[in-house]
Amino acid sequence: FSDYGTEGLAVTSKLEETKTITENGKEKKESFEVEIKIEFKYPPKKINIIQMKNDNTILSAKTYKPETLPENIKKENETAYIIVETNSESSFGDLISREILEPGDSSFTSYFAREDGFCEGKYVGLIWE
């Protein structure tokens, strides 16, 4: 891959198999299906979780290494929405991507780079209570 503009490039492959077995005069179908998706991601360096008030001011901001992000994030009392800011590194500079999460969103997926160069997804739950 060229390093320019490939973030988000994805390849998906789907395999399906169905077979029919006849036992004692009765037909029985068995099916199997698997889908694999590989998506290009730049390795995240840090993730900022920013909790915002209704007036669009910052209530709290915490920075995590991608692999140390907690399993769940609990909103603070006055939080109206949460911004997940991912800082990644590419050969042409730093990249920042942002995702806005609102009440009703139950989770988001964060990524961290493994030693083998692949990025692994991690679900992070959101507690809005």
Side-chain angles (χ1 to χ4, degrees):
F1 292 107
S2 162
D3 203 24
Y4 180 75
T6 53
E7 172 91 4
L9 177 69
V11 176
T12 302
S13 182
K14 184 176 183 179
L15 301 170
E16 298 177 63
E17 181 180 327
T18 302
K19 63 181 176 179
T20 304
I21 301 171
T22 305
E23 291 180 354
N24 300 325
K26 293 183 181 179
E27 282 191 1
K28 180 181 173 184
K29 285 189 178 186
E30 293 181 352
S31 297
F32 176 77
E33 181 179 307
V34 65
E35 184 173 284
I36 298 171
K37 180 179 179 183
I38 298 173
E39 183 176 346
F40 184 84
K41 292 261 182 214
Y42 293 112
K45 295 188 306 184
K46 67 179 179 176
I47 298 171
N48 298 316
I49 305 295
I50 307 163
Q51 297 197 30
M52 304 292 291
K53 293 182 181 182
N54 273 329
D55 64 1
N56 299 318
T57 59
I58 295 173
L59 180 62
S60 72
K62 294 182 181 171
T63 300
Y64 299 92
K65 290 182 179 180
E67 62 276 7
T68 65
L69 203 60
E71 286 185 29
N72 293 295
I73 302 224
K74 186 174 181 177
K75 83 160 189 82
E76 297 190 21
N77 284 340
E78 296 181 57
T79 300
Y81 61 98
I82 296 172
I83 299 172
V84 178
E85 184 178 80
T86 303
N87 293 263
S88 301
E89 185 175 11
S90 76
S91 62
F92 57 89
D94 291 341
L95 300 173
I96 298 173
S97 63
R98 293 180 183 91
E99 182 177 1
I100 296 176
L101 304 167
E102 301 174 310
D105 291 327
S106 60
S107 65
F108 66 95
T109 304
S110 179
Y111 295 89
F112 62 93
R114 300 185 325 197
E115 287 184 22
D116 61 6
F118 285 93
C119 288
E120 185 173 324
K122 175 182 179 178
Y123 287 100
V124 178
L126 298 173
I127 301 170
W128 292 97
E129 302 169 353

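Note that these values count all heavy atoms, side chains included, but never hydrogens, waters or copies made by symmetry. Note that the numbering runs from 1 along the sequence shown for the chain.
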Review point. Mind checking whether I82 and F108 sit in one hydrophobic cluster, side chains of I, L, V, M, F, W, Y counted as touching below 4.5 Å?
Key: yes

Quick check on the hydrophobic clustering: are Y111 and Y42 connected, directly or via other members, by side-chain heavy-atom contacts under 4.5 Å?
no

Here the salt bridge (charged side-chain N to carboxylate O under 4.0 Å, His left out) pairs for residues 44-64, sequence neighbours left out, are K45-D94, K53-E78

| said: Does I100, at its CD1 atom, have more than 12 non-hydrogen atoms belonging to other residues, nucleotides or ligands within less than 6.0 Å? | reply: no

Give a yes or no on whether E71 atom CD has more than 12 heavy-atom contacts from other residues, nucleotides or ligands under 6.0 Å away. no

Residue pairs passing the side-chain hydrogen bond (donor to acceptor under 3.5 Å, both in side chains) test with at least one member in residues 79-89, sequence neighbours excluded, are N48-E85, Q51-T79, N56-Y81, E85-R98

When every non-hydrogen atom of E67 is compared with those of F112, the smallest separation belongs to N-CB, 3.9 Å

Drop me the distance from [X]'s [atom1] to [Y]'s [atom2], to the nearest 0.5 angstrom.
X	Y	atom1	atom2	answer
I49	S110	CD1	OG	7.0 Å
N72	S106	CG	OG	10.5 Å
I38	L9	CD1	CG	11.0 Å

Going by chain and number, the hydrophobic cluster around L59 (ILVMFWY, side chain to side chain under 4.5 Å) further includes none

Please list every donor-acceptor pair under 3.5 Å in which a side-chain atom of residues 116-129 meets a protein atom from a residue at least two apart or in another chain.
| residue | atom | partner | partner atom | Å |
| --- | --- | --- | --- | --- |
| D116 | OD1 | R114 | NE | 3.2 |
| D116 | OD1 | F118 | N | 3.0 |
| D116 | OD2 | R114 | NH2 | 2.7 |
| K122 | NZ | L69 | O | 2.2 |
| W128 | NE1 | D105 | O | 2.7 |

For residues 11-28, run the donor-acceptor check on the side chains, cut-off 3.5 Å, and write out each pair with its distance to 0.1 Å, sequence neighbours left out.
| residue | atom | partner | partner atom | Å |
| --- | --- | --- | --- | --- |
| T18 | OG1 | S31 | OG | 3.3 |

Contacts of K41 meeting salt bridge (Lys or Arg N to Asp or Glu O under 4.0 Å) (sequence neighbours excluded), chain-then-number -> E39

